[in-house]
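Lettering of chains follows the sequences in order, A, B, ..., and the numbering in each one begins at 1.
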Amino acid sequence: MPTVHKDGPLMVIAGAGSGKTRVLTYRIAYLMQQGVDSFSILALTFTNKAAKEMKSRIATIVGESEAKNLWMGTFHSVFARILRSEADRLGYPSNFTIYDTQDSDRLIASIIKEMKLDKDVYKYKQIRSRISSFKNSLITVRAYMSHPELIEADREARRPQMGEIYKEYVDRCFKAGAMDFDDLLLKTNELLNRFPDVLAKYQNRFRYILVDEYQDTNQSQYLIVKALADRFQNVCVVGDDAQSIYAFRGANIENILSFQNDYPNATTYRLEQNYRSSQNIVKAANSVIKHNQNKLDKNVWTENAVGEKIIVHRSPTDGEEGRYVASSIFEYKMQHQLHHRDFAVLYRTNAQSRAMEDALRKRDIPYRVFGGLSFYQRKEIKDVLAYLRLIVNSKDEESLKRVINYPARGIGQTTIDKLVVKAKEHDCSIFEILERIEELGMGINSGTRTKLANFSMMIKSFQVLNETSNAFEIADAVTKKTGLVQALKKDGTPEAVTRIENIEELLNGIKDFIDGQRELADMTGSLTEFLEDVALISDLDQGSENDDRVSLMSIHMAKGLEFPYVFIVGMEEDLFPSAMSMNTRSELEEERRLFYVALTRAEKQAILTYTQSRYRWGKLIDAEPSRFLSEMDEAYLDVQTPDDSYQFQPLLNTDIFDTPDPNRVRFKKPPLKKAAPKAKSVPPRKNLKPIANTTNTNDQTNVEGLSEGIKVKHSRFGTGIIVAIEGNGNDLKAEIDFGTAGVKKLLLRFAKLQIIK
DNA sequence: TGCACCGATGTTTTT
DNA sequence: CATCGGTGCA
């Protein structure tokens with residue numbers, strides 16, 4: 001058993017539902033029983049909630065007082081803590097601000113604007129994600145500048161200024177005393193690399209390191225673990241390659257696939273028995289994941305009951321889909337005497353929660369939405385937090401820009417622009433400029449100068465207060481004295497009222513936080529502590545397990561959770577798998593793993609739903625069933641279709657490519673579109689091509705009819721003309737000129753093209 | 001300088 | 001559809 005393995009590297013490949021958390025819990029408890037000091041154990045989990053739960057489970061085994069000393073948490077929160085205590089080494093203040101994605105976006109957007117670049121070419125979101133992937137791969141500005149191929153790639157993408165933006169962004173963050181999420185990992189690497197004494201200190205401290213969800217670590221995280229474990233090699237990683245779903249933020253599945261290479265004397269255990277789900281669910285999930293090529297061999301099985309078949313249900317629209325889910329929940333609950341908390345509704349995109357919420361609300365079913373626009377991302381909350389952040393760290397540029405004129409106090413954009421320029425000129429923060437405003441003059445009229453002085457004075461008075469008060473007292477003062485709440489009260493609209501309520505909720509939350517912190521010996525309940533907590537917390541971490549509500553969340557958020565009854569909604573092409581993730585095999589495989597994760601959340605029953613058309617951007621769009629539906633072995637399914645028109649493509653489809661490939665994606669377009677149910681409000685759909693006529697393999701016609709010069713239609717790019725066709729078998733590609741949408745090279749396996757005559 | 005309106009534009013997924 | 005940024009007016 002893994003639990004008796006004490007020293008040396010260890011990898012546990014744990015299939016879905018095989019009790020990963022249990023392994024970690026028992027291993028830690030075991031180590032402690034063997035006399036390992038709890039201070040020398042570092043456990044990195046995927047969510048703070050997982051850490052908290054594990055800690056309390058360990059506490060029941062080894063006792064509260066010992067468990068308390070364990071270092072447990074997410075990579076981000078653990079290393080943020082370490083970075084605070086070592087910040088001066090890197091030239092950062094220990095109270096550095098943590099920028100969230102939105103802060104980064106704003107900063108990047110303003111840099112692009114200041115550099116007078118075309119914002120249609122330099123899209124801030126793209127820039128941000130590129131910078132993020134640089135950081136996650138430890139490509140610093142300096143590394144970027146010395147890698148001609150990176151520079152060349154950006155030049156080819158017609159963004160020659162990428163490097164400049166990157167540099168400016170990093171500089172500005174540094175000057176603002178701010179780190180973004182990626183910095184928390186990158187700077188930790190820098191810290192461990194540049195300062196051997198620091199490295200030695202933490203290597204000696206963390207003699208035992210455990211990493212959960214290892215398959216989702218990125219390069220930066222991987223290197224941190226490697227560095228820390230280098231001395232004692234007591235590293236235990238737990239994961240499941242089949243559940244790697246974070247490639248988009250740099251997770252590298254190779255980290256787990258090549259653990260044996262990194263630690264040649266590593267012991268590997270495999271846990272393949274699933275204790276969570278019914279046989280039908282386990283088998284169906286296996287039948288899906290086997291379509292992936294890149295994976296470790298693993299055979300998950302269970303001794304659990306066969307259970308109910310997986311229900312596949314079609315609805316005309318997303319509204320009806322919601323109604324179906326709501327009434328199913330109602331019925332299951334009645335029939336089987338269940339609680340609301342036994343149900344989860346999972347979706348690919350957060351936007352899908354709305355239709356579900358509406359339906360559940362109508363039936364008075366209590367629910368809770370996780371993720372999406374979380375509480376701490378709401379505007380009014382971010383406003384209050386921005387004041388608080390500015391108080392703690394007056395160099396924080398993004399916070400300052402956010403609140404300097406909110407509520408309106410007559411400080412306009414032109415003034416702010418002048419301040420930004422001056423700050424850059426003097427190589428200092430905007431707040432410092434405010435202090436020297438009289439001395440510098442700088443063409444700001446005296447009225448505005450007074451306003452600026454007042455603002456600066458107000459912040460300073462808060463800073464003084466901060467020296468003697470706790471987080472709650474300051475937050476309370478901020479909401480009152482800044483006029484923030486007053487402005488909302490004056491507004492009087494219903495939204496403003498909810499905003500005030502939210503601010504009150506925030507204050508209550510801060511109070512709770514302080515009470516919680518007081519219980520911990522080395523915590524004081526200061527504003528700094530609170531802000532750090534807020535920056536890295538996610539909805540999931542917030543308690544309230546005990547309230548009886550249906551959970552609504554994205555599949556990503558559901559990782560590691562389990563529910564007796566799971567609805568997976570929106571099983572449609574272009575939604576799940578996402579239209580953004582179908583261009584390469586690896587993207588598609590990640591989508592498939594995501595589906596695998598979703599399915600294996602269910603203990604007793606999984607219900608998959610899809611619609612024939614759904615509202616997207618306020619428009620009703622035709623939808624077709626997800627390919628994942630037909631990838632599941634039919635034996636485990638109960639396909640409920642109101643008018644019986646759901647049909648699977650024959651499993652042994654004619655192989656239209658020369659290369660037989662078991663993993664080949666079948667284009668299926670079940671001919672369900674005819675016989676549109678007479679349901680009201682479903683507008684007639686415009687099928688551009690008489691699909692029904694082309695017997696059972698319309699993909700075949702698709703590919704065969706294609707040649708140069710043919711006019712085609714693509715669901716995203718519109719109509720275009722084929723310029724060239726190249727490759728063969730699975731690699732058959734067409735280069736298509738879509739006019740304004742540009743020339744694209746598409747893999748014909750994935751591109752759903754329709755010929756236009 | 002500030003506010004109100006308008007059109008454009010974009011949606012994966014998260015620490 | 002919802003947010004954002006830009007424009008035009010007071």
### Query
Taking the side chain of A/E591 as its heavy atoms from C-beta onward, which of B/dT12, B/dT15, B/dT14 lies nearest to it?
B/dT12
### Task
Could you check if a side-chain atom of A/K382 sits within less than 4.5 angstrom of a side-chain atom of A/K379, using non-hydrogen atoms only?
no
### Task
Verify the ring-centre separation between A/Y122 and A/Y124: is it less than 6.0 angstrom?
no
### Task
May I ask you to say what A/S554 touches in the nucleic acid, namely base, sugar-phosphate or nothing, with a heavy-atom cut-off under 4.0 Å?
sugar-phosphate
### Message
Check the orientation of A/Y202 and A/F206. Use parallel for under 30°, tilted for 30 to 60°, and perpendicular for over 60°.
### Response
parallel
### Message
What's the closest nucleotide to the side chain of A/K123 if the choices are B/dG10, B/dT13, B/dG2?
### Response
B/dG10
### Query
Taking only residues at least two apart or on different chains, which pairs with a member in residues 576-600 of chain A satisfy ring-ring contact (aromatic ring centres under 6.0 Å, His included)?
A/F576-A/F595, A/F576-A/F628, A/F595-A/F628
### Message
Can you list, in residue-number order, the parts of residues 97-115 of chain A that come under 4.0 Å of DNA chain B, counting heavy atoms only?
### Response
A/T101
### Task
Give one of base, sugar-phosphate or nothing for A/R616, where a contact means two heavy atoms less than 4.0 Å apart.
nothing
### Task
Consider the side chain of A/Y246, meaning its heavy atoms from C-beta on, and name the nucleotide among B/dG2, B/dT14, B/dT15 that approaches it most closely.
B/dT14
### Query
Roughly how far, to the nearest 0.5 Å, is the CD1 atom of A/I108 from the CD1 atom of A/I131?
4.0 Å
### Message
Looking only at the side chain of A/T349 (C-beta and beyond, no hydrogens), which of the listed nucleotides B/dT12, B/dC3, B/dT14 gets closest?
### Response
B/dT12
### Task
Spell out, as yes or no, whether a donor-acceptor pair under 3.5 Å connects the side chain of A/N405 to the backbone of A/G410.
yes
### Query
Which listed nucleotide (B/dT15, B/dT14, B/dT12) is nearest to the side chain of A/T74?
B/dT15
### Task
Shoot me the first and last contacting nucleotide of DNA chain C against chain A, ordered 5' to 3', at under 4.0 angstrom to non-hydrogen atoms.
C/dC1 to C/dG6
### Query
Are any of A/N48's side-chain N or O atoms less than 4.0 Å away from OP1 or OP2 of B/dT15?
no
### Task
Indicate, with a heavy-atom threshold strictly under 4.0 Å, whether A/K125 touches base, sugar-phosphate, or nothing.
sugar-phosphate
### Task
Quick one: sort the A/Y214 and A/Y222 rings into parallel, tilted or perpendicular, breaks at 30° and 60°.
tilted
### Query
Is the shortest side-chain N to carboxylate O distance from A/D103 to A/R106 below 4.0 Å?
no
### Task
Would you classify A/S578 as touching base, sugar-phosphate or nothing, given that sugar-phosphate means primed atoms plus P, OP1 and OP2, and contacts are heavy atoms under 4.0 Å?
base
